[in-house]
Amino acid sequence: MSSKIAAAANDIVVRWRAPAVNLTSTISSRHFAWSALRKVPARRAPELGEHNDEVLEELGFDATQIDGLRVSGAIPRKRAKAS
């Protein structure tokens, strides 16, 4: 068995898609084998400001205050989610 096939069979490399940026790539899911660790699928990084509302709500801001921050330009307006 070739090392490339063995790597794919053992989930050492995984297919990863990022449709928002038209990217399909193969990345390493891990560089070392740690038997005690659970493998998780690769995920995209969050967009800039993607979690602003959640973070601000955890800090005690309400929806009106968060909207005020958007109107003032302190945080960006929400973008439409990529499909």
Side-chain angles (χ1 to χ4, degrees):
M1 179 183 297
S2 78
S3 61
K4 193 173 193 178
I5 294 170
N10 290 303
D11 291 329
I12 294 170
V13 292
V14 294
R15 296 294 290 165
W16 181 72
R17 292 189 58 218
V21 291
N22 196 25
L23 174 68
T24 302
S25 186
T26 302
I27 62 170
S28 172
S29 66
R30 60 185 180 179
H31 295 285
F32 301 97
W34 303 97
S35 61
L37 297 177
R38 181 177 58 91
K39 288 189 280 186
V40 296
R43 301 183 319 183
R44 69 169 179 82
E47 296 291 328
L48 182 64
E50 181 176 345
H51 298 107
N52 281 350
D53 288 10
E54 293 90 342
V55 171
L56 291 168
E57 286 168 2
E58 285 182 22
L59 292 172
F61 288 82
D62 63 27
T64 304
Q65 292 170 313
I66 295 170
D67 288 339
L69 291 171
R70 275 197 183 84
V71 169
S72 73
I75 61 174
R77 298 191 185 277
K78 286 186 178 183
R79 292 189 213 173
K81 290 187 178 188
S83 52

(Q) Test question: given the 4.5 Å side-chain rule for I, L, V, M, F, W and Y, name all other residues clustered with V71, or answer none. (A)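 ILVMFWY cluster around V71 holds nothing else.
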Exercise answer: donor-acceptor pairs, residues 59-69 side-chain atoms, under 3.5 Å, sequence neighbours excluded:
| residue | atom | partner | partner atom | Å |
| --- | --- | --- | --- | --- |
| D62 | OD1 | T64 | N | 3.1 |
| D62 | OD1 | Q65 | N | 2.8 |
| Q65 | OE1 | D62 | N | 2.9 |

Q: Would you name the heavy atoms of P76 and R70 that are closest together and state the gap between them?
A: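 It is O-NE, 3.2 Å.
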**Q.** salt bridge (charged side-chain N to carboxylate O under 4.0 Å, His left out) against E57, all qualifying residues, sequence neighbours excluded
**A.**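 Partners of E57 by the salt bridge (charged side-chain N to carboxylate O under 4.0 Å, His left out) criterion come out as none, since no residue qualifies.
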